[in-house]
Protein chains: 2
Amino acid sequence: MFLSTSHNKIDLKCRVSIPASFRMNLERLKEPLILFKSLQFPCIEGTTLTRMQRYINAIDELDALSDDAFLLRMMMADSFEIKFDINGRVVIPDILMSFASLTNKAVFMGIGESFYIWSPSEYENQYNKSQKILNEKGPPKLILKKNE
Amino acid sequence: MFLSTSHNKIDLKCRVSIPASFRMNLERLKEPLILFKSLQFPCIEGTTLTRMQRYINAIDELDALSDDAFLLRMMMADSFEIKFDINGRVVIPDILMSFASLTNKAVFMGIGESFYIWSPSEYENQYNKSQKILNEKGPPKLILKKNE
DNA sequence: TTGACTACCATAAAATCCCATGTTATCCCA
DNA sequence: TGGGATAACATGGGATTTTATGGTAGTCAA
């Protein structure tokens, strides 16, 4: 599971350390890391290859001419399998750097099955937005299921 | 798995480098590369021989005398098994060059089981189209599903 | 013999690997 | 519980390898 938030530096080669806990999660699962453009936010989403594989398999199940299939294909095109260097760093592809408006700092935000990489300013925007919703509408109703 | 997008140059001999990650995918699978006319778009589709076989089998499922079967056979007739040179380049057949309106640049777009080769301007069209659909209709429903 | 195709060589640019270092977190014992 | 020792982590920089791409020589067929 990807949990917690941390701020890391992006160097001139677009390298950034993935938080150790995220790396350990991937190692434990023996999963390669995939980075891709979030479909909902101006940020990068990180997840496992297996999870990405499920999207790919789903394409064949859909009507090949449908909008959904089209969007999923475009999503694959903006996905990258990422390798770690010996110190646990990755290089963020240019396409993703500019999509998420990243320059020299990245905010890593674990959200369970995957994680987001935000630019600090966008992260702040989203954070403020969430606080505002919380103040106006109160906490969301949650129904917790037991683990099977 | 074919993922990510990259822009490569096509030289005067119609040679072009296949992105290294795509080549490695083919090598890992020990699969030859097949290039053919996309059935949906004005672009070239690249895939493995095994997957091409599945397309062909699908044609056999259709009414052999139908217009659909006829069209599919005509498209499949312009399929080529492609060899790499020592540097990972291929020669794009003339028929495919003109079908996809390729001149001196190619955009390689990985979509999981296969990949597309676009002319830069057509690629841009498709990308813009996808952004428009995304804005109007939101992300594909599938994305919102939880892993089991 | 010419033209097209193929195989191979050369090179610049880019990506990757790995060592070094300061900083933070963790451990362990007094 | 405090504080020093130790390990883990984040980050900088340089060496090395890979990649993309231009070019040339050899081969085969018309």
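Throughout, protein chains are lettered first and strands after them, A, B, ... in sequence-line order, and every chain is numbered starting at 1. Given the structure is predicted, the values throughout are model-derived calculations rather than measurements.
Summarising the geometry, the separation between CZ on B:Arg89 and P on C:dT6 is reported as 13 Å, rounded to the nearest angstrom. The separation between B:Ile86 atom CD1 and D:dT19 atom P is 14 Å, rounded to whole Å. Residue A:Lys83 contributes atom NZ, which lies 10 Å from atom C1' of D:dT18 at whole-angstrom precision. The distance from atom CZ of A:Phe84 to atom P of D:dA10 is 11 Å, rounded to the nearest whole Å. Rounded to whole angstrom, the span from the CD1 atom of B:Ile82 across to the C1' atom of C:dC5 amounts to 13 Å. Between A:Met24 atom CE and D:dA7 atom P there is a gap of 17 Å when expressed in whole angstrom units. Look at CG on A:Asp11: it is 15 Å from C1' on C:dA20, rounded to the nearest Å. If you take NZ of B:Lys9 and P of C:dA14, they are 14 Å apart, rounded to a whole angstrom.
Results of the side-chain contact (heavy atoms from CB on, under 4.5 Å) test with A:Arg15 over A:Val90, A:Val91, A:Asn87 single out A:Val91 as the only residue that passes.
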* Asked: Between B:Trp118 and B:Phe41, is a side-chain contact (heavy atoms from CB on, under 4.5 Å) present by the stated rule, with each step listed?
  -> CA-CA 9 Å; B:Trp118 296 93; B:Phe41 304 107; 3.4 Å; yes

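Ranking D:dT21, C:dA7, C:dC18 by closeness to the B:Arg15 side chain, first place goes to C:dA7.
Taking 4.0 Å as the cut-off between side-chain N and carboxylate O, A:Asp78 and A:Arg73 do not count as a salt-bridged pair.
For B:Asn8 against D:dT21, no side-chain N or O and base N or O form a donor-acceptor pair under 3.5 Å. Side chain B:Asn87 to base D:dT21: a donor-acceptor pair is found below 3.5 Å.
Across all strands shown, A:Ile18 has heavy atoms under 4.0 Å from sugar-phosphate atoms exclusively, and none from any base.
The closest donor-acceptor contact from the side chain of B:Asn135 to the backbone of B:Gln131 lies under 3.5 Å.
If you find the closest nucleotide of DNA chain D to A:Arg23 and to A:Lys13, the one lying nearer the 5' end belongs to A:Arg23.
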